[in-house]
2 protein chains.
Amino acid sequence: MPHPAVIALESCSTIADRVFDQLRQAIVAGEIPPGSKISEPVLATRYGISRGPLREAMRRLEATNLVERKPNVGARVITLSNAQLLEIYVIREALEGMAARLAAERMSDADIGALQALLERHRHEVARDDWQTYFQQEGDLDFHFRIVQGSGNRRLVDILCNDLYHLARMYRCQFGMKSDRAREALKEHGQVVEAIAERDGELAEWLMRRHIRASRQSIERRLAAEKD
Amino acid sequence: MPHPAVIALESCSTIADRVFDQLRQAIVAGEIPPGSKISEPVLATRYGISRGPLREAMRRLEATNLVERKPNVGARVITLSNAQLLEIYVIREALEGMAARLAAERMSDADIGALQALLERHRHEVARDDWQTYFQQEGDLDFHFRIVQGSGNRRLVDILCNDLYHLARMYRCQFGMKSDRAREALKEHGQVVEAIAERDGELAEWLMRRHIRASRQSIERRLAAEKD
DNA sequence: ACAAAAGACATTGTCGACAATTTATTGAGT
DNA sequence: ACTCAATAAATTGTCGACAATGTCTTTTGT
C-alpha cells in the first residue's frame, strides 16, 4: 500500500508529465544526487525518450526549484544548504500555523476523527522502539499533510505539497536525520489535534507554530553539534 | 523609470526565457484575458518563434499556476475566482506576517531608513487626491515587496514575488479594484514600519497580519456588495 | 615550462516535420 | 428535425536534425 503522504502521481498521458514525476521522485530520493549535472542526452537515452519532453519536464523542475539552470550551460540538481533547510522550516511555521487555524475552523468532524485515529496509530508505532526513524518521519509528514488538506485552502496545499514537502524529503534522504524528538513531536501533534477538535483555531495555530519551531531548533542544534 | 515593484526581467539569452517573461506579463496585465485558450500555433507565429521554446515557457507558466493545462487538449489562462483571491490573501497574511517579523530582526538600519523614506513619499502621494488609485496600489505592493525582501529569506521572497504577487496584480488588472482604503492602509503601513524600526518582531508580525486581514475583509465586503 | 590562442568536441537551444489525439463537420438513419 | 456515427480538420505530443554556445584539448609562441 502506498504511503498516504505520497502525493498521487499525475496523469501519465504525456511523456513530459511522466518523466517530470519520475525525475522529481529520483531527485527527492537522492538517486540523482544533489549538485550533479543533468545531461539532456544521457537522461533522454536513459528514459528512452527524446529531448523535447525532457526539456519540458526540466522547465517544470526549474520552476519548482529542484534544479538550477544556467542558459547555454546546463542544469544541476540543487544542493540544499543547511541555511536553506532552516528557511523552509520558517516558511512551514507560518503556512502550517495558518493551516492549523483554518483546519480547526473548517475540518469536518469525520476528518478530525480520522486524524485522531492516525495519531493513535502513531502512538503505537512510537511505542515500539525498533520502529525505523524513517517511517516515523514519514508519519510526521503524513500528519502535517492531513492538516494542510484540512485547511481547505487549495493554494496552501499546493505550495506545501508541491514545493516544500518535496524539499524536506529530499533533505531527509540526503542526510539520515534520525530524530530523537519522536516522542515530543507526537505529544505536540496530540496537542494540535486536541485544539482542532475543540475548534480553537487560534490555539491550533499557536501550537502548530511552536511544534514546527521546536523541530527547526532541534535541527539547528544538531547542525551546530556537527560543525565540530 | 521602471517601478521598483516590477520584478527584474530575467536573462533574455534564450527564447524560452524571454517568451516566458512576455507571456507572464501579458497574462498578468490582462492582455491575454483569463479563461482564454492558448493556441500554440498562433502564439508561436505571433512571437515569431517555434513551438519548442513556447512549450517550455508554457510548462513554466503551468508550474507557476498562471495557466491550466489538460493533456492533449490545450492550455487556458486561469480565471481567478473571488474565492481564490481570498485564499491568496490568507496565505499572504501568514507569509508576510512572518516576513515582517524577520525584517524587524534582520533588516539593516539603512534599509529601514529607505523604508521610512518610501512611506513618507506615499504619504505625500495619498495627500494629493487626484492620484490614481492604480499607482496607490502599486505603491502598496512596493511597500510589501521591500519588507519581504528585508526578511532575508530567499525562498519566502521567491514564493511571494514569483507567484502570489503576480496573481494579485492579475486580479487587479482584471477588475478595477479602486480602493477606498488607501488612508487606512497607509496608517497601517506606518505602524508596521515603526515596529520594525523598534526591532519588535512579534509586534511587526501582528500588525502586518492585521493589515493584510483588513485588506482581505475590505475585499470581502466589496464582493458581497457586488453580489446584488 | 607556462600562457594564450586555435581548434575539436560536446552540450544546449531552436526548428520543422510527423504521429497521436481531440474537436468540428458531414452525412445517414429514424 | 434530431441523434448518432463516420470522416475531416486542427491541435497537441513527439521526434530527429541543425545551429549556436560553451568546454576541453592541442598547439604555438615566448
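Proteins get letters first, then strands, A, B, ... in listed order; numbering begins at 1 in each.
- The nearest pair of heavy atoms linking Leu119(B) to His189(B) is CD1-CB, 3.6 Å.
- Remark: Arg46(B) engages no residue in a salt bridge (Lys or Arg N to Asp or Glu O under 4.0 Å) (not counting sequence neighbours).
- The terminal axes of the helix from dA1(C)-dT30(D) to dT30(C)-dA1(D), fitted over 5 pairs per end, subtend an angle of 10° to the nearest 10°.
- Between Glu205(A) and Arg209(B) a salt bridge is recorded (basic side-chain N to carboxylate O distance below 4.0 Å).
- Ion pairing between Asp17(A) and Arg59(B) holds under the 4.0 Å rule for side-chain N and carboxylate O.
- For Arg213(B), the salt bridge (Lys or Arg N to Asp or Glu O under 4.0 Å) partners at least two apart in sequence or on another chain are Glu93(B).
- For Ser218(A), the side chain to side chain contact (heavy atoms under 4.5 Å, CB included) partners are Arg181(A), Arg221(A), Arg222(A), not counting sequence neighbours.
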- Note on the structure: Once base and sugar-phosphate atoms are separated, protein heavy atoms under 4.0 Å mark nucleotides 7-21 of chain D, 5' to 3', with B, S and - as ----SBBBBB----S

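- With sequence neighbours left out, the salt bridge (Lys or Arg N to Asp or Glu O under 4.0 Å) criterion links Glu68(A) to no other residue.
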